[in-house]
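Structure first, commentary second.
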Amino acid sequence: MPVNKTTGHLVIVSKLKERRTEMLKSMKCHRFTRASLRVLSLSALSVLVPATASAELLAMLNYESKVGQPNRREGIAVIDVDPNSPTFNQIVKDTPLPPDFVAHHIYYNKDVTKAYVTSLGHTELYVYDLSKFPEEKTVVAVPDCKVGEDITFSDDRKHWYLSCMGSNNVIVGDARSDKPIATIGNDGASDKFIKYPHGVMLNDELDRIFVTSTVNPNDLNDAGETVSVIQASTRKILSTHKLSYKPSPSGEAPVEIAFIPPSQAPDSLHKQYEWRSLVDCDLAFGDRGLQISEGI
């Protein structure tokens, strides 16, 4: 099932610095792709866009004290980012986190009513009610998840999917009760697997979940080098695709993954450049972009 013009382009961000630099240089064919890559690198910062012109414009970010400080501190800060506000560029709210929580990313749900904070140190997920932040917080136990990374949400607002880099699985949660309801893991197949999952992206139109394999959290020299495709409705792993022509271990470490909304180019250009962001911009390699499209 190829990605079509209504779905947009699939973007994969590589971990290795030299690989990321090479990709940025090669992305001149799609300015919007290059811009989106830079946005993805700011994953710790979440901007809450106001619903009306008179609403606040705030940003949430997680922070931690510098290495070597006698008392390690973690927390979430809310910053006023409205240039017209008298408190512009100031922290307007601050809430502490456990010093061993190791907060990683903040994600808003589809209707921007809750903020989900993933943890590298706890087998937990913190969920904040944004109308009562920081007082209203739910601690969601995810005992099957080690080193929680990214979250993606279904369009129907019923489910969320949490990638767990230290336990080689993806946790499925009920987005209303915020309870884990299923675990997508390996069944022993050598050609279809989840390994060191980090980036996770659901495309409801395709009924597919895409998961990057980044790096072993216990050995940063052990890079994952693949992207796996999961059928969302059945939660079955359909295929795994290596993102390098180099012999394994290649050292490639794909991190974030996202679908870019389709541009407004004429249909003829869509047909011509449908896979340009994958193939010509070197986000996948040569014919492997086509192989991924056929495998999803």
Side-chain angles (χ1 to χ4, degrees), residues 43-48 58-64 72-78 93-186 194 196-202 204 209-212 214 217 228 230 232-235 237 255-258:
S43 54
L45 179 67
S46 297
V47 179
L48 186 58
L58 306 173
M60 296 179 66
L61 61 85
N62 51 289
Y63 65 86
E64 60 183 5
R72 189 177 189 281
R73 187 172 189 270
E74 283 193 53
I76 298 176
V78 178
K93 286 187 179 182
D94 185 6
T95 184
L97 294 170
D100 60 345
F101 188 75
V102 194
H104 195 44
H105 293 309
I106 302 173
Y107 292 91
Y108 297 129
N109 61 348
K110 289 290 185 178
D111 53 11
V112 199
T113 58
K114 293 187 287 187
Y116 292 70
V117 184
T118 63
S119 170
L120 302 181
H122 287 196
T123 55
E124 295 174 334
L125 183 66
Y126 280 14
V127 183
Y128 289 91
D129 182 335
L130 290 177
S131 66
K132 303 174 183 178
F133 181 85
E135 291 78 15
E136 193 71 28
K137 178 186 70 178
T138 301
V139 179
V140 179
V142 281
D144 294 335
C145 181
K146 295 179 181 179
V147 189
E149 291 284 351
D150 292 5
I151 298 180
T152 186
F153 299 88
S154 61
D155 287 341
D156 62 10
R157 295 168 169 76
K158 292 183 179 181
H159 299 104
W160 47 255
Y161 301 84
L162 168 65
S163 60
C164 307
M165 196 164 71
S167 48
N168 296 324
N169 53 16
V170 174
I171 306 298
V172 185
D174 184 317
R176 296 169 181 171
S177 65
D178 287 318
K179 302 291 185 183
I181 59 175
T183 299
I184 304 173
N186 296 305
I194 299 175
Y196 315 146
H198 188 298
V200 59
M201 178 57 60
L202 168 66
D204 289 276
I209 304 167
F210 297 84
V211 182
T212 63
T214 304
S228 294
I230 301 168
S233 56
T234 64
R235 297 167 189 162
I237 303 173
V255 185
E256 306 296 350
I257 187 166

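Positions are given from 1, in the same order as the sequence printed here.
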Step through the shown structure and confirm whether more than 12 heavy atoms of other residues, nucleotides or ligands are within 6.0 Å of NZ on Lys179. no
Is the backbone N or O of Val102 less than 3.5 Å from a side-chain atom of Glu74, with the two atoms forming a donor-acceptor pair by type? yes
Apply side-chain contact (heavy atoms from CB on, under 4.5 Å) to Asp155 and Lys110, showing your working. CA-CA 7 Å; Asp155 287 341; Lys110 289 290 185 178; 3.1 Å; yes
Any side-chain heavy-atom pair of Ile257 and Val200 under 4.5 Å: no
If you apply the rule side-chain contact (heavy atoms from CB on, under 4.5 Å), what do you find for Phe133 with Lys93, and how did you get there? CA-CA 9 Å; Phe133 181 85; Lys93 286 187 179 182; 4.2 Å; yes
Hey, are Tyr161 and Asp150 close enough side-chain-wise for a donor-acceptor pair under 3.5 Å? no
With no hydrogens and no angle check, do the side chains of Trp160 and Asp174 hold a donor and an acceptor under 3.5 Å apart? no
Can you find a side-chain donor-acceptor pair between Asn62 and Tyr126 that sits under 3.5 Å? no
Between OH of Tyr108 and CD1 of Ile106, what distance do you get to the nearest 0.5 Å? 7.0 Å
Does the side chain of Leu130 come within less than 4.5 Å of Thr113's, by heavy atoms? no
Between the main-chain N or O of Ala77 and the side-chain N or O of Asp94, is there a donor-acceptor pair closer than 3.5 Å? no
Ile76 and Tyr128: CA distance, side-chain angles, deciding distance, side-chain contact (heavy atoms from CB on, under 4.5 Å) verdict: CA-CA 11 Å; Ile76 298 176; Tyr128 289 91; 3.7 Å; yes
Evaluate the side-chain proximity of Glu149 to Pro197: yes if any heavy-atom separation is below 4.5 Å, no if none is. no
Rounded to the nearest 0.5 Å, what separation is found between the CD1 atom of Ile181 and the NZ atom of Lys158? 11.0 Å
Is it true that a side-chain atom of Thr118 and a backbone atom of His105 form a donor plus acceptor pair closer than 3.5 Å? yes
What distance separates Tyr107 OH from Ile151 CD1, expressed to the nearest 0.5 Å? 7.0 Å
Salt bridge check: are Asp129 and Lys137 linked by an N-O gap of less than 4.0 Å? no
Checking the side chain of Ser163 only, and the main-chain atoms of Gly199 only, is there a donor and an acceptor separated by less than 3.5 Å? no
One should read off an interatomic distance between Asn168 CG and Asp144 CG, to the nearest 0.5 angstrom, of 12.5 Å
Basic-acidic side-chain contact under 4.0 Å: Asp156, Arg176: no
So does Leu202 get a backbone contact from the side chain of Thr152, meaning a donor-acceptor N/O pair under 3.5 Å? yes
For the residue pair Ile184 and Arg235, what are the closest heavy atoms and their distance? CG2-O, 3.7 Å
Measuring centre to centre across the rings, with the benzene-like ring taken for any Trp, is Tyr116 within less than 6.0 Å of Phe153? yes
Gly166 and Val147: which non-hydrogen atoms are nearest, and at how many Å? N-CB, 3.6 Å
Is a side-chain donor or acceptor of Ser228 paired with a backbone partner of Val211 at a separation under 3.5 angstrom? no
Check: Phe101 main-chain N/O paired with Ser119 side-chain donor or acceptor under 3.5 Å: yes
Lys/Arg-Asp/Glu bridge criterion (N-O < 4.0 Å) met for Glu64, Arg72: yes
Is the shortest side-chain heavy-atom distance between Lys114 and Glu136 below 4.5 Å? no
Is the backbone of Val140 close enough, under 3.5 Å, to the side chain of Thr138 for a donor and an acceptor to pair up by distance? no
Given side chains that start at C-beta, do those of Val170 and Leu162 come closer than 4.5 Å, heavy atoms only? no
Locate the shortest heavy-atom distance separating Ala175 from His159; write the atom from each residue and the value. CB-N, 3.7 Å
Check for a donor-acceptor pair, side chain of Asn169 on one end and backbone N or O of Thr183 on the other, with a separation under 3.5 Å. no
Backbone N/O of Met165 and side chain of Lys146: donor-acceptor pair under 3.5 Å: no
Do the side chains of Arg157 and Asn109 get nearer than 4.5 Å, heavy atoms only? no
Test log, rule side-chain contact (heavy atoms from CB on, under 4.5 Å), inputs Ile171 and Cys164: CA-CA 8 Å; Ile171 306 298; Cys164 307; 3.6 Å; yes
